[in-house]
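So the structure is just underneath, and the comments pick up after that.
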Amino acid sequence: MTARIIDGKLVAQALRARVAEHVATLPFRPGLVVVLVGDDPASTVYVKSKDRAAAAAGIAARTIRLPAETTEEALITQIARLNADPAVDGILVQLPLPSHIASQTIVETIDPQKDVDGFHPLNVGRLAMGQPALVPCTPAGVMKLLADAHIELEGTRALVLGRSTIVGRPMASLLLGANVTVTMAHSRTRDLAAECRRADVIVAAAGRPRLVRGDWIAPGATVIDVGINRLNDGSLAGDVAFDEAIGHAGAITPVPGGVGPMTIACLLENTVTAALHRR
Ligand code: NAD
């Protein structure tokens, strides 16, 4: 068996085009502000691509760059200003923040209606309760990839590998909402291989290169690889040994070109959703 490759670039392109079409019909331009504190090189790259993608979709995007020494109080004041600005529909504070700033405090300062990352406890809670919420972009993107690939989810067993608030936990809530029987695995899970072998769908978000081996995958299972790991030689690897997995899975996402492109596309969609709700 050779797995079908799920092309995240194509699905993301189509979603971005749909968002742009939708924005073009609106009587206003949705506004997105990305706040970047410090000059972490990876964050700087992400923020630039978010800016570019938003502009291409017709969203009024701007980035506020603050020095690494910015105090927590100053950042809170900045966010309060954005909360009060009627032209701003979405606020995203790029993580990680410098260590002297408490990320959770900052996340909780963002108006939940403008929380396009879906990290505010109100949105986290609503999602956990199965209520409408602004949903974190990466797991939202995974659900869209599964839908686009026509993967039947209802009644199936999924293994979510990783329990972070950004990926694993919201991923499990979304799958549960799709009537999936969800198992969550993490660094203390006793027999990860056995847990994987039971799954019809594996979503790997552990941040460990090639952790999931080919023979851990049930024949025909769907494998979504969220992991993005930079190897010593500069190349990128997912959390799944792709070359092995392709001989076992029914469908699989590559790294890069799988989940990655979906995250920004979902951010654009969240910005439009936030704008429509608030206005
Ligand atoms: P994290 O470090 O916050 O969480 C990792 C989780 O994996 C933890 O819950 C931990 O318990 C679990 N884990 C770690 N090692 C394990 C092991 N050996 N066995 C079982 N479980 C283990 O990471 P995160 O922010 O959730 O990100 C996970 C990965 O996804 C990273 O590679 C990150 O770069 C990537 N990521 C990609 C996107 C995207 O847009 N595609 C977005 C966010 C994160």
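Residue indices begin at 1 and follow the sequence shown. The structure presented is a predicted model; accordingly, all values stated were derived computationally and were not measured.
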Look up atom [atom1] in [X] and atom [atom2] in [Y], then write down how far apart they are to the nearest 0.5 Å.
X    : Y    : atom1 : atom2 : answer
T44  : L36  : OG1   : CG    : 5.0 Å
L192 : S187 : CG    : OG    : 10.5 Å
I6   : T253 : CD1   : OG1   : 6.5 Å
L97  : Q104 : CG    : CD    : 11.0 Å
T271 : I59  : OG1   : CD1   : 4.5 Å
I264 : L15  : CD1   : CG    : 12.0 Å

[X] side chain vs [Y] backbone, donor-acceptor pair below 3.5 Å:
X    : Y    : result
N123 : A133 : no
D239 : I228 : no
D117 : V135 : no
R197 : I217 : no
R213 : V240 : no
S49  : V45  : yes
H100 : T70  : yes
R4   : A149 : yes
K114 : L82  : yes
T77  : E73  : yes

Verify the cluster assignment for [X] and [Y]: are they in a single hydrophobic cluster under the rule of side-chain heavy atoms below 4.5 Å apart?
X    : Y    : answer
V93  : L134 : no
L276 : V88  : yes
V212 : I5   : yes
I246 : V203 : no
F119 : Y46  : no

Whether over 12 other heavy atoms sit under 6.0 Å from [X] [atom1]:
X    : atom1 : result
D243 : CG    : yes
N232 : CG    : no
H186 : NE2   : yes

Salt bridge present between [X] and [Y] (N-O < 4.0 angstrom):
X    : Y    : result
R278 : D89  : yes
R16  : E269 : no
R190 : E195 : no

Over all heavy atoms of both residues, which pair between [X] and [Y] is shortest? Give the atoms and the distance, please.
X    : Y    : value
A205 : V167 : CB-CG1, 3.6 Å
A61  : D51  : CB-OD1, 3.5 Å
L75  : V35  : CD1-CG1, 3.9 Å
V116 : A274 : CG1-CB, 4.2 Å
V259 : D225 : CG2-O, 3.6 Å
A12  : P261 : CB-O, 3.4 Å

Exercise for the section: Just do the side chain to side chain contact (heavy atoms under 4.5 Å, CB included) check on V160 and V182 with the steps written out, would you? Expected result: CA-CA 7 Å; V160 176; V182 183; 4.0 Å; yes
Practice task
For the pair L159 and R198, evaluate side chain to side chain contact (heavy atoms under 4.5 Å, CB included) and give the outcome as yes or no after the intermediate values.
Solution key: CA-CA 8 Å; L159 189 274; R198 275 196 281 273; over 6 Å; no
